[in-house]
**Student:** 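Okay, here's the structure, questions in a sec.
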Amino acid sequence: MLLSLVLHTYSMRYLLPSVVLLGTAPTYVLAWGVWRLLSAFLPSRFYQALDDRLYCVYQSMVLFFFENYTGVQHGGIYVKRSAKFNEKEMRNKLQSYVDAGTPMYLVIFPEGTRYNPEQTKVISSSQAFAAQRGLPVLKYVLTPRIKATHVAFDCMKKYLDAIYDVTVVYEGKDNGGQQREAPTMTEFLCKESPKIHIHIDRIDKKDVPEEQERMRRWLHERFEIKDKMLIEFYESPDPERRNRFPGKSVHSKLSMKKTLPSMLILSGLTTGMLMTEAGRKLYVNTWIYGTLLGCLWITIKP
């Protein structure tokens with residue numbers, strides 16, 4: 001009886017994070033939409049400081065991004081890891097942001113998808129792609145593709161200060177020193193991934209080759225560096241060098257006081273909406289139609 005209660009309680013650990021995350025999603029979408037509308041009429045210095053606070057509840061990890069030391073914006077330019085990559089559309093979108101002087105960080109995932117050690121077909125295909133082109137075969141990362149990265153840099157080279165090369169490792173309780181699949185959001189919220197190791201390398205703009213073929217080799221060399229770091233991380237015979245990245249290490253814990261205010265604000269707004277009939281109707285419609293429109297948008301985007 002007691003064992004059953006313990007197991008049941010342990011299984012419920014997923015409930016609270018899921019309820020908070022999914023339950024406040026419509027409220028977040030509405031708050032974000034209203035704030036975006038207001039930001040069109042307010043000075044940038046006024047709304048950019050609040051942008052980070054609105055966004056801190058829903059964050060994602062990045063692997064490779066361009067930056068220019070200005071404010072934060074939330075959006076996306078979707079590309080496909082295939083021959084259907086629409087270069088013209090990506091150039092037009094990026095150029096519109098540059099022409100408008102939009103403050104932003106542009107995130108690029110040159111691998112095109114997350115490395116999953118269980119997807120052997122994807123890994124072998126990626127390694128075959130490198131071998132066919134005379135490139136070193138990578139073990140712990142996928143062979144990077146160049147098109148989107150080159151287009152992004154070419155469009156924004158006068159707008160950039162630097163590129164940051166970011167390598168992320170999710171540490172799991174049961175990985176046994178071996179690479180494991182990145183945790184789901186639920187696993188992450190429930191501390192199934194207690195530590196995240198992040199290595200950041202700043203690359204000055206002048207050190208990035210502009211011609212596409214030279215950039216292809218440069219990008220692959222960057223991923224060779226990543227691969228060697230990961231080999232050392234997982235396989236080093238020296239225990240002091242295993243499960244850590246080279247260089248100066250900074251330990252940072254996620255502070256409750258940074259996340260609790262956002263959770264309380266969104267939870268409070270959600271509770272307030274659900275207490276009135278009009279609020280409940282708005283909440284449900286936002287959840288239903290927002291989900292449908294989001295799925296439709298992702299489906300029709302090239």
**Student:** Between E232 and K228, does any side-chain N to carboxylate O distance fall below 4.0 Å?
**Tutor:**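 No, this pair does not count.
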**Student:** Taking L142's backbone N and O only, do any of them form a donor-acceptor pair with E111's side chain (distance below 3.5 Å, no angle check)?
**Tutor:** yes
**Student:** Quick one: pull up CD1 in I288 and CG in L293 and give me the separation to the nearest 0.5 Å.
**Tutor:**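 Here the interatomic distance stands at 11.5 Å.
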**Student:** Measure across R244 and S249 and return the closest heavy-atom pair with its distance rounded to 0.1 Å.
**Tutor:** NH2-CB, 4.2 Å
**Student:** Report yes if the side chains of I146 and W218 come closer than 4.5 Å at any heavy-atom pair, otherwise no.
**Tutor:** no
**Student:** Working to the nearest 0.5 angstrom, can you tell me the gap between L266 CG and T27 OG1?
**Tutor:** 6.5 Å
**Student:** Taking atom CD as the centre, does E211 end up with more than 12 heavy-atom neighbours from other residues, nucleotides or ligands that are less than 6.0 angstrom away?
**Tutor:** yes
**Student:** So do H199 and V166 actually touch side chain to side chain, heavy atoms under 4.5 Å?
**Tutor:**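 Sidechains of H199 and V166: no contact.
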**Student:** Going hydrophobic residue to hydrophobic residue with side-chain gaps under 4.5 angstrom, can you get from L269 over to V29?
**Tutor:** no
**Student:** Do E277 and R280 sit within salt-bridge range, that is, some charged N less than 4.0 Å from a carboxylate O?
**Tutor:**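 Salt bridge: no.
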**Student:** Measure from NZ or CZ of K157 to the centre of the six-membered ring of F153 and say whether it is under 6.0 Å with the direction within 45° of the ring axis.
**Tutor:**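 Judged by the rule (NZ or CZ under 6.0 Å from the ring centre, within 45° of its axis), K157 is not positioned above F153.
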**Student:** Closest approach of S236 and R242, non-hydrogen atoms and distance?
**Tutor:** O-NE, 2.8 Å
**Student:** When you measure from the side chain of T271 to the backbone N and O of S267, does any donor-acceptor pair fall under 3.5 Å?
**Tutor:** yes
**Student:** What closest approach, in Å, do P26 and T286 show between heavy atoms, and which atom pair accounts for it?
**Tutor:** O-CG2, 3.8 Å
**Student:** Step by step, would you call D201 with R222 a side-chain contact (heavy atoms from CB on, under 4.5 Å)?
**Tutor:** CA-CA 10 Å; D201 193 4; R222 294 303 313 177; 2.7 Å; yes
**Student:** Do side-chain atoms of Y283 reach the backbone of A278 as a donor and acceptor pair under 3.5 angstrom?
**Tutor:** no
**Student:** Return yes if some donor-acceptor pair links the side-chain N/O of H150 with the main-chain N/O of E213 below 3.5 Å, else return no.
**Tutor:**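 No; judged by distance alone, with no hydrogens or angles, the pair does not exist.
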**Student:** Could you check whether R145 makes a cation-pi contact with F109, meaning its NZ or CZ is under 6.0 Å from the centre of the six-membered ring and within 45° of the ring axis?
**Tutor:** no
**Student:** Same cluster for I231 and Y234 if Ile/Leu/Val/Met/Phe/Trp/Tyr side chains link at under 4.5 Å?
**Tutor:** yes
**Student:** Please evaluate residues R202 and D161 with respect to the criterion side-chain contact (heavy atoms from CB on, under 4.5 Å), reporting the C-alpha separation (whole Å), side-chain torsions for both, the decisive distance (0.1 Å), and the verdict.
**Tutor:** CA-CA 10 Å; R202 186 183 188 277; D161 291 325; 4.2 Å; yes
**Student:** What's the spacing between D204 CG and K206 NZ if we round to 0.5 Å?
**Tutor:**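 Interatomic distance, D204 CG to K206 NZ, rounded to 0.5 Å: 5.0 Å.
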**Student:** Looking only at atom types and distance, does a side-chain atom of N92 sit under 3.5 Å from a main-chain N or O of K88, one as donor and one as acceptor?
**Tutor:** yes
**Student:** Report the C-alpha distance between Q95 and V98 in whole Å, list the side-chain angles of each, state the deciding distance to 0.1 Å, and finish with yes or no for side-chain contact (heavy atoms from CB on, under 4.5 Å).
**Tutor:** CA-CA 5 Å; Q95 196 60 51; V98 172; 4.2 Å; yes
**Student:** Determine whether D154 and R91 make a side-chain contact, defined as any pair of heavy atoms from C-beta on separated by less than 4.5 Å.
**Tutor:** yes
**Student:** To the nearest 0.5 Å, what is the distance between CG on L106 and OG1 on T149?
**Tutor:** 9.5 Å
**Student:** When you group the ILVMFWY residues by side-chain heavy-atom contacts below 4.5 Å and let the links chain together, are V151 and Y159 in the same group?
**Tutor:**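 Hydrophobic grouping puts Y159 with V151.
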**Student:** If I take atom OH from residue Y97 and atom CG from residue D99, how far apart are they, to the nearest 0.5 angstrom?
**Tutor:**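 Between atom OH of Y97 and atom CG of D99 there are 12.5 Å.
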**Student:** Please check this pair: side chain of E224 against backbone of L138, looking for a donor-acceptor N/O pair closer than 3.5 Å.
**Tutor:** no
**Student:** Is a side-chain N or O of T276 found less than 3.5 angstrom from the main chain of G279, in a donor-acceptor match?
**Tutor:** yes
**Student:** Would you call K139 and D227 a salt bridge, taking side-chain N to carboxylate O under 4.0 Å as the test?
**Tutor:**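 No salt bridge links K139 with D227.
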**Student:** Transitively linked via ILVMFWY side-chain contacts under 4.5 Å: F129 with Y140?
**Tutor:** no
**Student:** Work out which heavy atom in N243 is nearest to a heavy atom in H197; give both atom names and the distance.
**Tutor:**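 So the minimum-distance heavy-atom pair works out to O-CE1, 3.4 Å.
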**Student:** Would you call the rings of F233 and F245 parallel, tilted or perpendicular, where under 30° means parallel and over 60° means perpendicular?
**Tutor:** tilted
**Student:** Which heavy atom of P136 sits nearest to which heavy atom of H220, and what is that distance?
**Tutor:**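 Between these two residues, the closest heavy atoms are O-CE1, 2.9 Å.
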**Student:** Any non-hydrogen side-chain atom of I198 less than 4.5 Å from a side-chain atom of T167?
**Tutor:** no
**Student:** For K226 and D165, run salt bridge (Lys or Arg N to Asp or Glu O under 4.0 Å): C-alpha distance rounded to whole Å, both residues' side-chain angles, the deciding distance at 0.1 Å, then the answer.
**Tutor:** CA-CA 9 Å; K226 288 178 183 287; D165 184 352; 2.5 Å; yes
**Student:** Quick one: do L30 and L274 end up in the same hydrophobic cluster if we chain Ile, Leu, Val, Met, Phe, Trp and Tyr together by side-chain heavy atoms under 4.5 Å apart?
**Tutor:** yes
**Student:** To the nearest 0.5 Å, tell me how far L135 CG sits from Q127 CD.
**Tutor:** 12.5 Å
**Student:** Taking all heavy atoms of K205 and all of L160, pick out the closest pair and write down the distance.
**Tutor:** NZ-O, 3.3 Å
**Student:** Mind checking whether T24 and Y28 have side chains closer than 4.5 Å, heavy atoms only?
**Tutor:** no
**Student:** Assess, by modelled atom type and distance only, whether the side chains of T143 and S126 contain a donor and an acceptor separated by less than 3.5 Å.
**Tutor:**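 There is such a pair between these side chains.
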